[in-house]
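What follows is one structure encoded as structure tokens, with my remarks underneath.
Note: hydrogens, waters and symmetry copies are ignored here, and every other heavy atom, side chains too, is used. Just so we're on the same page: letters track the sequence lines, and every chain starts at 1.
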Amino acid sequence: MDRQSVITDEATALAQIRDGMTVALGGFITAQHSMALIRGIAKRGIKGLRVVAGLSSALEVDLLIGCGCVQRLATAYVGAEATVPIGPFFKKAAEDQTIDLWECDEIILMAMLQATAAGIPFFPVRGGMGTDLPHLNKDLKEFRDPIHNDPLLAVPAMKIDVAVTHAYCADPYGNVQYAGNTFADGLIHRAAEKTITTVEKVVPTAYIRRDPFKTLYTADFIVRSPFGAHPYSCHGEYIEDDEHLKGYANAANLATKGDDSAWKVYRNQFIDTPEDHMDYLEQIGVKKLFSLNEF
Amino acid sequence: MDRQSVITDEATALAQIRDGMTVALGGFITAQHSMALIRGIAKRGIKGLRVVAGLSSALEVDLLIGCGCVQRLATAYVGAEATVPIGPFFKKAAEDQTIDLWECDEIILMAMLQATAAGIPFFPVRGGMGTDLPHLNKDLKEFRDPIHNDPLLAVPAMKIDVAVTHAYCADPYGNVQYAGNTFADGLIHRAAEKTITTVEKVVPTAYIRRDPFKTLYTADFIVRSPFGAHPYSCHGEYIEDDEHLKGYANAANLATKGDDSAWKVYRNQFIDTPEDHMDYLEQIGVKKLFSLNEF
Amino acid sequence: MVPYSTKELMACWLSRDLADREYAAVGANFPIPRAAVLLAHLAHGPNMKVGMGAFNVNLQGVDHVMSLRYFSDFWPVQWAESASFFPLDLLSIHKLDVFFVSGIQIDVYGNTNLIGIGDKQKGFKFRGPGSIGTATLATLARRYYIVTEHHSPRLFVEKCDKISAMGFGDGTPGLRQKLGLPGAGPKYCITPLCVFDFSPTTRKMRLGSLHPGVGLNQVINNTGFKIDIPEEIGETRPPTSAELEILRNRIDREGLLR
Amino acid sequence: MVPYSTKELMACWLSRDLADREYAAVGANFPIPRAAVLLAHLAHGPNMKVGMGAFNVNLQGVDHVMSLRYFSDFWPVQWAESASFFPLDLLSIHKLDVFFVSGIQIDVYGNTNLIGIGDKQKGFKFRGPGSIGTATLATLARRYYIVTEHHSPRLFVEKCDKISAMGFGDGTPGLRQKLGLPGAGPKYCITPLCVFDFSPTTRKMRLGSLHPGVGLNQVINNTGFKIDIPEEIGETRPPTSAELEILRNRIDREGLLR
């Protein structure tokens with residue numbers, strides 16, 4: 001009996017994600033989202049997802065909203081900072097109330113993940129008291145601490161079916177290492193029942209063993225996806241593709257204002273037509289990709 | 001105005017620790033206790049300490065009990081496994097009720113540290129329910145979670161005045177890195193108001209910057225203490241001095257049974273007579289020290 | 001005197017309120033606080049702990065510091081002495097001394113809103129980007145500053161439609177303590193026109209100083225609530241040439257503040 | 001058949017109850033469970049996650065594995081693919097499938113005591129070393145095994161003086177669920193004389209099998225509580241020669257189990 005590789009293809013990985021599931025996405029604002037799989041979710045038209053975007057999202061959840069995949073969204077932010085101050089589809093869906101928002105800030109989101117990871121029903125926090133978050137998010141409950149009677153906010157755990165993260169590398173047995181910041185990915189992995197990780201590189205286990213302290217978690221499925229975070233950055237490999245982000249935001253913006261011609265073109269070119277991530281990268285082109293290399 | 005070094009000498013570091021303070025000790029069972037400072041505490045006869053020994057102690061707290069420094073002890077274990085199954089002074093003090101015990105297991109101790117570090121009044125856990133820990137430790141309180149009414153144990157935060165840890169290296173500005181496991185030291189640092197760290201080596205900041213992800217915390221005081229964890233191990237440097245541990249345990253054992261002659265010799269030779277850590281190492285001797293080098 | 005821009009004035013003024021050894025975080029896309037923290041660090045705070053994105057950096061000896069493109073940029077790694085440990089560090093963020101907050105609404109009690117505009121319980125007339133980390137960080141940081149590049153009646157409102165970071169709530173004395181919030185709340189609010197502080201009794205915004213060349217009526221007309229105006233109104237102290245030299249040569253070569 | 005020791009029997013028997021892909025932790029100074037986990041890993045569990053001290057190791061292709069001197073030994077780093085993240089991993093330890101517990105007292109309901117002996121509310125006639133991680137790990141691990149190298153009436157008592165790891169408490173049906181404990185509790189208790197399982201109705205220890213050569217009375221006389229004895233008593237299946245070969249050549253060259 002041999003040790004089994006957990007490296008799989010996109011289709012097998014995506015088959016783990018089904019309509020109505022709660023899916024937690026890794027990365028932080030414009031870094032390290034598993035776009036290879038997120039585009040795959042959109043292409044397959046998976047519906048009714050309850051998305052947890054931790055620590056904070058960029059526009060990857062905006063894209064999922066635009067493609068009709070999202071029923072509920074837990075996130076503290078949707079945007080790409082100065083490049084795209086707010087996600088267009090998110091803005092419209094929030095204004096029209098076509099998605100449920102689990103309103104929170106980043107630390108309340110982490111408290112939820114921490115409760116889930118620790119197998120406890122809730123995590124107590126001070127942040128958010130006095131704000132409108134408990135009014136907007138009925139899952140948050142003010143209570144008195146049982147020891148000193150201090151006022152606190154109880155943030156409940158949330159069952160998370162699948163975590164989808166992107167990392168620098170993994171070995172064939174799912175040991176995942178990052179080249180830079182890991183953000184909340186270690187916590188997200190521990191909060192989820194199952195983890196799928198796309199990686200820039202598959203490395204031999206000997207590479208992992210050079211510094212086992214760098215292994216952040218052991219994923220259940222690994223998908224080989226160079227440039228898998230494009231148009232977002234992957235520490236140690238490439239930076240954001242601002243031009244692509246602006247193109248996306250422009251198309252999405254027009255679509256929310258009733259003109260979906262540019263969005264149809266974007267969606268066709270980058271989501272629906274490409275068979276898989278490699279096909280998508282062909283659309284982006286080698287020159288563009290390697291122009292993004294960091295340092 | 002220049003950046004200021006936080007490297008200091010043993011005397012200055014020890015002056016931070018005063019009678020009655022709550023002191024958290026780093027390391028885990030037989031690894032990485034800051035013995036250079038712990039012996040200094042014993043030598044100075046600091047009294048009434050409330051000691052938090054996380055993750056678990058070896059005999060460093062036993063030594064502090066034997067020297068009359070401890071009023072209260074929070075720890076999940078006192079011993080050195082097969083070498084010394086239970087700390088002699090700890091055993092006698094527990095049986096005679098001459099110290100207060102904050103009875104817990106390792107995870108409950110971590111929950112307390114986590115509550116303290118997060119600035120929340122308590123941390124909820126499932127472990128310990130159904131055991132005698134809540135009967136023996138009145139700080140632990142069973143309660144119902146405010147969301148699902150599940151039974152839980154509330155572990156209160158504890159104000160910790162000083163953390164005393166031992167690490168592989170630090171730069172002059174207090175950035176601390178470990179060569180091996182870090183156990184609960186990162187959490188202990190964040191739970192304490194002030195941290196004193198003894199290190200095997202002081203390194204230039206450029207060394208720290210080679211891999212800033214390895215910096216576990218930034219201590220307020222750094223004391224240069226090669227072999228500072230002796231007779232315990234320091235990952236990447238040396239292993240335990242079993243012979244020394246057995247000698248200690250034998251002396252302590254006899255002392256608790258009414259014959260304190262060996263203990264007086266031990267205490268005189270290793271605690272009271274040496275001026276400082278370097279003097280102590282002279283007592284151990286170069287041959288012994290370098291026989292402990294790992295690998 | 002060297003001429004300066006309003007943004008440079010704001011950054012220099014803020015920098016003087018930060019002390020050596022303090023721990024201050026700087027985000028991306030918030031150039032005035034970024035410049036203020038770096039200026040404090042380079043001018044008088046060599047022992048400050050400066051959070052730059054997800055890294056803690058020390059910039060002594062660095063010739064000049066480019067600005068973050070995005071909060072999660074990797075390149076500050078070159079000056080980093082540690083990186084944020086998630087979730088440990090976010091959960092122990094009450095050790096943060098100084099934080100900065102903005103909003104799509106700012107009200108008379110220093111509450112800020114990044115969530116959205118609209119009266120309804122659910123749904124928004126205008127949806128904002130989200131609370132980011134502000135709900136907690138404004139609570140836990142020892143003090144914070146409200147910083148805005150705009151000053152208009154639509155921004156400075158009597159009451160925020162939604163509160164994402166609580167300042168002094170509805171002004172009830174001791175409210176922050178009653179709610180268990182450890183931080184002291186907003187210390188100052190700085191705008192392109194003036195500096196507000198907060199009355200220790202009413203907890204309402206109070207005119208602290210007018211920027212050089214700004215008239216009182218300009219502030220009154222551009223603020224959507226009634227301002228507490230003291231008998232004597234000071235003038236915001238302008239940048240010194242030493243401050244401007246550091247600012248322009250080492251912190252803002254790109255000229256984001258000009 | 002190859003002759004074997006009682007400890008080898010215990011380790012081999014336990015190893016068969018561990019499945020591939022399970023996550024099992026092995027401490028120091030607990031040689032029988034250590035051997036059981038490593039034997040399962042090398043014989044039929046190449047995808048097991050094996051906790052060795054503060055590391056997670058995989059030992060496929062490793063010729064032989066020395067035993068830990070101490071739990072916090074550094075040298076398993078050579079086979080480590082990850083290290084424990086404290087506190088994150090201890091707080092999410094409910095993903096642990098298999099854990100092992102011992103005690104200075106073990107009672108009829110599978111409760112164990114590492115705290116101390118004595119009836120008083122405070123103070124002890126005999127103080128034990130402390131709960132270590134058992135209060136929580138026995139609660140959160142999906143299942144656990146009680147393993148002891150001794151079998152005496154002083155160890156196997158009707159009721160523990162203090163409980164450090166709760167098995168089935170006082171036997172109240174559904175008590176673990178009522179207390180919110182996610183793990184299933186102790187599955188077996190193995191001693192040098194026999195294997196106990198737990199009656200699904202009374203939750204009391206029940207004789208599962210006698211080790212080869214052990215008489216029923218030997219167990220009865222050495223147990224401080226009345227044992228539930230089924231009509232038919234099986235014999236603990238002895239080690240196979242394949243098991244002993246792995247055990248002796250790759251796991252226990254030092255002969256700790258002989």
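- Contact detail for B:P151 and D:G180: the closest heavy-atom pair is CG-N, 3.8 Å.
- For chain B, the option among D:C160, D:P129, D:A54 with the highest count of heavy-atom pairs below 4.5 Å is D:P129.
- In this structure, B:K91 and D:F126 have side chains that are in contact, with non-hydrogen atoms separated by less than 4.5 Å.
- Top candidate by heavy-atom pairs under 4.5 Å with chain B, chosen from D:S164, D:A165, D:A135, is D:A135.
- Judged by distance alone, the side chain of B:D105 and the main-chain N or O of D:T136 form a donor-acceptor pair under 3.5 Å.
- Heavy atoms of other residues, nucleotides or ligands lying less than 6.0 angstrom from NZ of B:K92 number 12 at most.
- Contact between D:R127 and B:L101 at its shortest, heavy atoms only, is NH1-CD1, 3.5 Å.
- No more than 12 heavy atoms of other residues, nucleotides or ligands sit less than 6.0 Å from atom NZ of D:K204.
- In terms of heavy-atom pairs under 4.5 Å with chain D, the best-connected choice from B:A76, B:A58, B:G127, B:C104 is B:A76.
- With a threshold of 4.5 angstrom between heavy atoms, B:E294 approaches chain D through side-chain atoms but not through N, CA, C or O.
- Using bins of under 30°, 30° to 60° and over 60° for the plane-to-plane angle, the ring pair D:F71/B:F28 lands in the perpendicular bin.
- With a 4.5 Å cut-off on side-chain heavy atoms, D:F55 and B:N181 count as touching.
- Judged by distance alone, the side chain of B:T30 and the main-chain N or O of D:Y70 form no donor-acceptor pair under 3.5 Å.
- Residues B:L133 and D:I115 meet the side-chain proximity criterion, which asks for heavy atoms closer than 4.5 Å.
- Atom CD of D:E254 is surrounded by more than 12 heavy atoms from other residues, nucleotides or ligands within 6.0 Å.
- Of the listed residues D:G130, D:S131, D:A138, the one with more heavy-atom pairs under 4.5 angstrom with chain B than any other is D:S131.
- The neighbour count for D:R154 CZ, taken as heavy atoms of other residues, nucleotides or ligands under 6.0 Å away, does not exceed 12.
- Using a 4.5 Å heavy-atom cutoff, the side chains of B:F183 and D:S72 are in contact.
- Heavy-atom pairs under 4.5 Å with chain D were tallied for B:G27, B:G236, B:S56; the largest tally goes to B:G236.
- In this structure, D:F30 CZ and B:E81 CD are separated by 12.5 Å, a value rounded to the nearest 0.5 Å.
- The two residues B:T131 and D:M166 make their nearest non-hydrogen contact at CG2-N, 3.9 Å.
- Residues D:T139 and B:M129 are not in side-chain contact: their nearest non-hydrogen atoms beyond the backbone lie 4.5 Å or more apart.
- By the 4.5 Å heavy-atom criterion applied to side chains, B:D242 and D:R69 are counted as neighbours.
- Contact of the D:D73 side chain with the B:E240 side chain is registered, since non-hydrogen atoms from C-beta on lie closer than 4.5 Å.
- Most heavy-atom pairs under 4.5 Å with chain B: of the set D:T134, D:D170, D:I132, this distinction falls to D:I132.
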